[in-house]
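Every chain is numbered from 1 and lettered A, B, ... according to where its sequence line falls, protein lines coming before strand lines. Any value given below was found using the heavy atoms of this structure, including those in side chains, with hydrogens, waters and symmetry copies removed.
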Protein chains: 2
Amino acid sequence: MLSEGRKKNRVTLLDVARHASVSRATASLVIRKSPLVSTETRAKVEAVMQELGYVYNMGAARLRADRSLTIGVVIPNLVNPFFTELLAGIDRIIDAAGMVVILVNSGDLVARQETLLTRMREHGVDGIILCPAAETEMSLVEKMVEWDLPLVQVLRRVTDDCDYAGVDYAFGMRQAVDHLAELGHRDIAFALHGPIHSAYQERIDGFRDAMEARGLDPENVIRVPHQIAAIAEAAGLFTEGSRRSSAVVCFNDVVALGLSAGLYDLGISIGRDFSLVGFDDVADAEAMRPRLTSVATFPEAIGEGAAKLLLDRLAQPDLAPRKLVNAPQLHIRQSSAIWRGSSLGRRQESG
Amino acid sequence: MLSEGRKKNRVTLLDVARHASVSRATASLVIRKSPLVSTETRAKVEAVMQELGYVYNMGAARLRADRSLTIGVVIPNLVNPFFTELLAGIDRIIDAAGMVVILVNSGDLVARQETLLTRMREHGVDGIILCPAAETEMSLVEKMVEWDLPLVQVLRRVTDDCDYAGVDYAFGMRQAVDHLAELGHRDIAFALHGPIHSAYQERIDGFRDAMEARGLDPENVIRVPHQIAAIAEAAGLFTEGSRRSSAVVCFNDVVALGLSAGLYDLGISIGRDFSLVGFDDVADAEAMRPRLTSVATFPEAIGEGAAKLLLDRLAQPDLAPRKLVNAPQLHIRQSSAIWRGSSLGRRQESG
DNA sequence: GCGACGATTTAGATCGATCTAAATCAGTTG
DNA sequence: CAACTGATTTAGATCGATCTAAATCGTCGC
């Protein structure tokens with residue numbers, strides 16, 4: 001009923017053309033702001049479009065012109081604030097280019113990711129920004145190249161034969177470790193969690209290299225649970241047992257927030273008895289008390305970078321693959337402090 | 001170059017039909033899983049599609065069938081975790097229905113919202129889920145009804161002539177106020193911020209009604225800044241001056257987080273000297289220390305509800321407008337506690 | 001053996017814009 | 001005044017699927 005109505009009284013380009021006494025082709029040129037039409041004709045046609053309430057039909061245009069002004073964004077997780085900020089950055093650039101974002105959530109599952117990518121392809125997106133799910137095969141990306149579907153990897157990468165926008169995690173880790181080492185800490189742990197992917201690996205490697213460079217133990221790496229409530233319960237891993245730490249570098253701010261809660265529960269004062277450094281510096285970091293020292297990775301800027309890479313590639317498909325690697329920046333606040341000796345009963349080591 | 005390639009070797013339904021020695025029409029029926037085709041023909045066609053690597057072209061289908069399997073979601077803010085969870089709920093349902101979400105961010109600006117809605121319409125979305133920007137006119141929604149574009153309002157509403165999925169804010173406020181009153185608090189403030197819209201008004205009204213029902217001052221309503229760092233600085237508004245409160249109900253968890261930080265900075269112990277109740281109960285609430293008492297509004301469930309309303313309406317456009325109003329639920333944790341008298345030097349009142 | 005009937009299949013028009021190649025027009029030029 | 005510009009405009013084919021209405025096929029009853 002309604003849809004019949006919608007269909008019936010839809011005003012098309014042909015209607016516009018007739019009312020303006022020009023051809024469909026001319027009307028089309030007006031829409032596309034071609035310089036070919038004369039100013040008077042343009043004005044006339046535009047007036048008629050206004051008058052009739054003409055609505056451009058992207059779908060029809062897309063079919064003929066093989067372009068949809070639509071891009072697909074695949075992220076593994078919607079509720080992590082990091083991805084949200086990334087998305088905000090992507091949206092800003094894509095929107096400014098007059099395009100829209102089709103958003104899907106892979107849940108970090110490769111099978112699901114594959115389904116979703118096929119669906120985007122069916123929908124005719126012009127390109128895709130993908131944060132590959134953990135364990136994504138290189139062949140996936142190769143397949144997409146074969147499809148001629150412009151692709152930008154973001155935050156994680158599975159191949160170098162394709163654009164990538166991400167973070168220099170190693171540099172971030174070095175800043176975190178150096179900061180703690182300069183405060184006098186020697187027993188520094190790395191707390192990580194989550195699925196394993198390139199960004200995960202780069203952070204571990206970065207931590208180990210930085211520790212080694214300082215002559216500290218690079219193997220003090222501890223996995224914590226994924227759920228934030230469970231992370232809090234795991235705080236004891238760092239403060240009890242034979243291997244106690246006086247400082248922890250966290251995989252991201254979510255881990256930092258969880259450990260912060262857990263240390264609070266254990267009665268340990270962060271920024272006095274224990275130092276904590278987060279990673280990513282999402283908005284909440286500054287709202288924590290004590291304020292969280294964190295390595296800022298500027299997710300919004302990365303999103304913008306990824307979107308720009310994609311727009312460039314759409315304009316010039318033959319460009320060589322490019323990398324955009326952002327330098328992170330340590331923000332020192334209250335959660336990290338000078339080492340005050342074995343206030344936790346930490347065992348003393350020689351050297 | 002590449003796009004020529006893409007276009008040239010695209011395999012269409014006609015190719016499939018030829019290879020399978022059937023007509024285009026039959027192949028189309030196979031795709032759409034029509035019961036009209038025989039099992040053998042179906043198998044044959046499907047085999048050919050597989051073999052040729054056929055990719056369905058939604059765009060072409062959409063043009064003819066006037067349906068896009070696409071819905072638009074307009075939200076005012078991407079980085080508020082509340083909206084993110086809402087979005088996750090919407091995505092789950094829409095995805096399960098085989099459709100995709102086109103996401104845009106209005107930034108809570110009416111002008112921008114209007115542009116975006118037009119754009120969605122041009123893109124041919126089948127329907128829209130809209131959280132109206134503050135100060136949205138009723139006429140906007142009426143216009144969309146005129147366009148025959150199925151619409152669901154979510155969280156905020158500007159008219160009753162259109163589906164709506166939201167929260168019973170008044171009930172949530174009553175739970176929060178009752179809880180604090182039962183703990184012995186009498187000087188209870190409401191801390192709010194942000195742009196003014198229906199959800200804002202419903203919360204204020206709910207607070208006032210609940211306070212009045214308890215014989216408490218309904219006018220103790222204080223606006224705090226929008227930026228989270230600035231909220232912290234505003235904490236003194238509740239603890240200093242002539243009008244001191246012993247407990248605060250917050251507009252949402254973001255305000256609660258900010259105030260919590262500010263109170264910490266003032267050396268006030270939350271859950272002992274002062275009680276704080278959040279609103280929304282986003283994931284972070286349980287990670288705060290002390291754990292935040294908060295009124296859970298289940299954003300993900302609301303998102304699911306909104307998406308279901310929209311799917312129903314797509315199926316039956318003539319349905320009367322429906323409302324889905326979720327009952328929120330108070331989660332009592334550590335940030336609210338029994339009133340201990342004037343530990344803040346609170347002035348004593350008679351009655 | 002013929003018309004009827006249910007089950008399958010199909011030709012051809014159609015959705016609404018874009019593209020190509022050619023037509024039209026006003027103004028110059030020799 | 002015919003030929004030649006450059007600037008505008010246009011007819012008609014086209015993108016790839018869907019829809020309508022009609023054709024085909026095998027079988028069954030009489």
side-chain contact (heavy atoms from CB on, under 4.5 Å) evaluation trace for Val141(A) with Leu151(A): CA-CA 8 Å; Val141(A) 175; Leu151(A) 176 70; 3.7 Å; yes

Under 4.0 angstrom between Thr12(A) side-chain N/O and dC15(C) OP1 or OP2: no

Protein-nucleotide distance (Leu13(A), atom CG; dT14(D), atom P), rounded to Å: 20 Å

Donor-acceptor contact below 3.5 Å, side chain Thr70(B) vs main chain Ser68(B): yes

Residue pair His123(B), Arg119(B): steps toward the side-chain contact (heavy atoms from CB on, under 4.5 Å) verdict: CA-CA 6 Å; His123(B) 273 277; Arg119(B) 195 179 285 177; 4.0 Å; yes

Short side-chain N/O contact from Arg10(A) to OP1 or OP2 of dG16(C), under 4.0 Å: yes

Side-chain N,O (Arg42(B)) to OP1/OP2 (dT8(C)) below 4.0 Å: no

Residues Arg24(B), Asp15(B): salt bridge by 4.0 Å N-O rule: no

Donor-acceptor pair between Arg32(A) and Ser28(A) side chains, under 3.5 angstrom: yes

Nucleotide dA17(D), atom P - distance to CE of Met58(B) in whole Å: 11 Å

Atom pair distance, as rounded to whole Å: CZ in Arg18(A) and P in dT10(D): 14 Å

Degree of bending, the helix from dG1(C)-dC30(D) to dG30(C)-dC1(D) (end axes from five pairs; round to 10°): 60°

Modelled atom types, side-chain donor and acceptor of Thr159(B) and Glu142(B), under 3.5 Å: no

Backbone N/O of Gly166(A) and side chain of Asn326(A): donor-acceptor pair under 3.5 Å: no

Please list each protein N or O that sits under 3.5 Å from an N or O in nucleotides 11-13 of chain C, with the distance.
| from | atom 1 | to | atom 2 | distance (Å) |
| --- | --- | --- | --- | --- |
| dA13(C) | N6 | Arg24(B) | NH2 | 3.1 |

Interatomic distance, Leu29(B) CG vs dC19(D) P [rounded to whole Å]: 9 Å

Separation of dA17(D) C1' from Ile31(B) CD1 (nearest whole Å): 8 Å

Any Ser28(A) side-chain nitrogen or oxygen under 4.0 Å from OP1 or OP2 of dC19(C): no

Donor-acceptor pair between Ser23(B) and Thr26(B) side chains, under 3.5 angstrom: yes

Integer-rounded Å distance: dT14(C) C1' and Leu63(B) CG: 9 Å

Selection from dT9(C), dT18(C), dT10(C) that lies nearest to any side-chain heavy atom of Leu36(B): dT9(C)

Modelled atom types, side-chain donor and acceptor of Ser38(B) and Thr41(B), under 3.5 Å: yes

Nearest-nucleotide 5' precedence on DNA chain C, Ala60(B) against Ser21(B): Ser21(B)

NZ/NE/NH1/NH2 to OD/OE distance under 4.0 Å, Glu114(B) and Lys143(B): yes

Length of the CG-P vector between Leu14(B) and dT10(C), whole Å: 13 Å

Below 4.0 Å: OP1/OP2 of dT8(D) and any side-chain N or O of Thr26(A): no

Distance below 4.0 Å between Ser38(B) side-chain N/O and dA7(C) OP1 or OP2: no

Gap between atoms CD and P, on Glu122(B) and dT18(C) respectively (whole Å): 11 Å

Presence of Arg62(A) side-chain N/O under 4.0 Å of dT18(C) phosphate oxygens OP1/OP2: no

